[in-house]
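Input: a single structure, listed below in structure tokens.
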Amino acid sequence: MSADRVIIFDTTLRDGEQAPGAAMTVSEKVQLARHLARLGVDVIEAGFPVSSPGQFDAVRRIVQEVEGPVICALARAKKEDIEAAGKALVGGKKTRIHTFIATSDIHLESKFADARYGSTIEEKRETVLRMAVDAVHQARIYTKDVEFSAEDAGRTAIPYLCRVVAAVIEAGATTINIPDTTGYCISDEYGALISQVMDGVGRPEGVVFSTHCHDDLGLAVANSLSGVQAGARQVECTINGIGERAGNAALEEIVMALNVRRDHMNLETGIQPAQLMATSRLVSTFTGFPVQPNKAIVGANAFAHEAGIHQDGVLKNRATYEIMRAEDVGQEAESIRLGRHSGRHGLFSRLERLGIPVAPEEKAAIYEQFVALADRKKEIHDSDLFTLFHYEQTEMNTPLYKLEHFHVTVGSGMEPEATVRVRDLHNDTVMEEKASGDGPIDALYRAIDHAVNEGHDLVNYSIRSVSEGADAYGEVNVLIGLGGPLFAGKASSTDVIEASAQAYMNALNSLAAFRLDKESIDFVGSGIMQAFDSPKDQ
Ligand code: KIV
Ligand code: ZN
């Protein structure tokens, strides 16, 4: 019997990016979207255009530059949101507007507390139903492909949920998403919810039902699979499972579960599994979120056999302890070692295999950077290439401040001291400052603070090795705040002081850009729910 197709809706760029500290630049988002197209996802949720000019821009650029998948924009059930989504999608060949509104009593009581939505829960439910229908009608003006989500469907009374779903289908919604927004459902319960809603609205022809599961109880993937077994034919998921709080269902796990257990579920996707590893690395590099070694499918240990009895079994027959092969998901061993003697062909074929796009006009510069790195590092691993590529690509297009020079002195029995020279690129002025601190990084950051004079708190500083060897790249992630919005900065270098300085400058530049950008709403860092949840806003 031929298998049914499950639509893979990737929301790494929207729900994934809502993970605190996971913010990506517009250029990173476009690169990732290209990679998602290559991976074979059916729909890319590219962002939430009304929430900030940066989000609007990211969606617009992805629509213009990425071919293949449907490009989707998120919008609350509000006129200005749908208008912004429609505008961001203009000119796209395959576009979708995804509009949503909360339907559970707890959301209605808290987010729609204002009397203009009604004074009883029944009145509020009627208001929300009308808002949902109006939103779908409005979205249909921009595109025929309209998705509706009943936020917190997992905790919504089923008869009311069915009424809302029937009404939005009548209004023209073609995909119905049933989110378990809080990750509350248990798998059999979520599957039952999907079939009850589908039955409740008479399983209409041409309407796709979708899962959207969060991982608060570690059940996001299991619940999504339960949903498709119950009849859903779209799964919303993110690479590496990143997303709000504990994250979303991990795309790579869903896809490989459907793939490996096709005998059981008889379902297929359009994903090219060999691209999974490269996509996972790209997301980890862009967000600064490491992938845990024991992570299913894409973790470094996912195919490593340690126990002697396992090693012996695998040598005799791989199927004894392996249900899929490392190479099936792109976890191939590096066959050719790259180093200072490697030529252009070796480098560019490796970059191609890793899914790192290089335009012909960039080749000479990239090769030069590779040779410079090979002079500093004995052996170049795939992880170095990801980092080098990322490091070169993610500098802000229009930074306000540029760190022209720094010098740090540190030694036993002396207080660390740092000197910096920072250029203000708007006013073309140069500030030179000196400071001492509890350690070299503290001294460096104090000196930069004196030079830049942007009031803020350092919320988090972390450093990790992102490639192999004693001369590995160190990646630094910095989070600074203003008592609300958070600004992330990251940078990598084989010199960790240099990486620390650059990451801090990147965070300061985002903060400075935010200060200048009067149209931005409180979006950054702690998630778009801030923007959703204000009752006066709804
Ligand atoms: O979790 C959720 O409910 C969402 C909606 C916006 C679909 O992300
Ligand atoms: Zn979500």
Side-chain angles (χ1 to χ4, degrees), residues 7-20 22 43-51 55 59 72-78 81-82 84-85 96-108 110-112 128 131-132 135-136 139 145-156 161 164-165 168 173-185 190 193-194 197 208-217 219-221 223-224 227 232 234-251 254 523 526-534 537-538:
I7 296 166
I8 297 294
F9 176 115
D10 180 276
T11 183
T12 310
L13 292 168
R14 200 277 299 170
D15 219 343
E17 213 221 9
Q18 276 175 234
V43 185
I44 295 175
E45 187 162 50
F48 180 34
V50 80
S51 66
Q55 287 272 323
V59 175
C72 173
L74 184 71
R76 290 171 297 185
K78 292 183 75 174
D81 285 39
I82 295 166
R96 173 181 297 184
I97 292 180
H98 175 191
T99 184
F100 73 97
I101 194 162
T103 50
S104 66
D105 286 356
I106 182 166
H107 278 236
L108 262 53
S110 318
K111 290 162 55 173
F112 299 92
V128 161
M131 287 169 78
V136 171
D145 186 346
V146 174
E147 172 167 335
F148 173 79
S149 282
E151 192 190 11
D152 203 18
R155 294 188 298 170
T156 298
L161 184 58
V164 174
V165 168
V168 294
T174 45
T175 300
I176 298 298
N177 188 31
I178 308 294
D180 181 19
T181 304
T182 56
Y184 175 75
C185 294
Y190 187 71
L193 173 63
I194 295 283
V197 175
V208 174
F209 287 81
S210 170
T211 69
H212 179 110
C213 299
H214 280 271
D215 211 28
D216 299 67
L217 294 173
L219 293 172
V221 169
N223 289 1
S224 308
Q234 174 176 286
V235 174
E236 301 197 354
C237 44
T238 60
I239 301 293
N240 299 339
I242 65 166
E244 278 278 340
R245 307 180 309 277
N248 290 60
L251 180 148
I254 303 276
F523 172 77
S526 48
I528 55 177
M529 286 311 179
Q530 282 176 330
F532 297 164
D533 286 351
S534 157
D537 236 341
Q538 281 282 1

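Read the numbers this way: they start at 1 and go in the same order the structure lists the ligands and their atoms. Note that this is a predicted model, so its numbers are computed, not measured.
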Problem - Carboxylate-amine/guanidinium contact Glu151 Arg76, below 4.0 Å - result: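 Salt bridge between Glu151 and Arg76, a charged N being under 4.0 Å from a carboxylate O: no.
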
Handout entry: N/O separation below 3.5 Å, Asp152 to ligand 1
Key =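 No.
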
Handout entry: Test of proximity, His212 against ligand 1: N or O pairs below 3.5 Å
Key =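 Yes, at least one N or O pair falls under 3.5 Å.
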
Practice task
Determine whether Ile178 and Ser210 make a side-chain contact, defined as any pair of heavy atoms from C-beta on separated by less than 4.5 Å.
Solution key: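 Side-chain contact under 4.5 Å: no.
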
[X] and ligand 1 - part of the residue with a heavy-atom distance under 4.0 Å:
X: Asp15; value: side chain
X: Glu244; value: neither
X: His98; value: side chain
X: Arg76; value: neither

Handout entry: N/O/S from Glu236 sitting under 2.8 Å away from the Zn ion (ligand 2)
Key =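 Coordinating: no.
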
Practice task
Could I get the full list of side-chain hydrogen bond (donor to acceptor under 3.5 Å, both in side chains) partners for Thr103, not counting sequence neighbours?
Solution key: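 side-chain hydrogen bond (donor to acceptor under 3.5 Å, both in side chains) list for Thr103, sorted by chain: Thr156.
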
Exercise for the section: Output all residues satisfying side-chain hydrogen bond (donor to acceptor under 3.5 Å, both in side chains) with Asp215, sequence neighbours left out; order by chain, then residue number. Expected result: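 With sequence neighbours excluded, Asp215 shows a side-chain hydrogen bond (donor to acceptor under 3.5 Å, both in side chains) to no residue whatsoever.
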
Number the atoms of ligand 1 from 1 as they appear, then name those within less than 4.0 Å of a heavy atom of [X], with their elements.
X: Thr181; value: 1 (O), 2 (C), 3 (O)
X: Glu151; value: 3 (O)
X: Ser149; value: 7 (C)
X: His214; value: 1 (O)

Practice task
To 10°, measure the NE2(His212)-the Zn ion (ligand 2)-OD2(Asp15) angle for me.
Solution key: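 Computed angle, vertex at the Zn ion (ligand 2), rounded to 10 degrees: 90°.
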
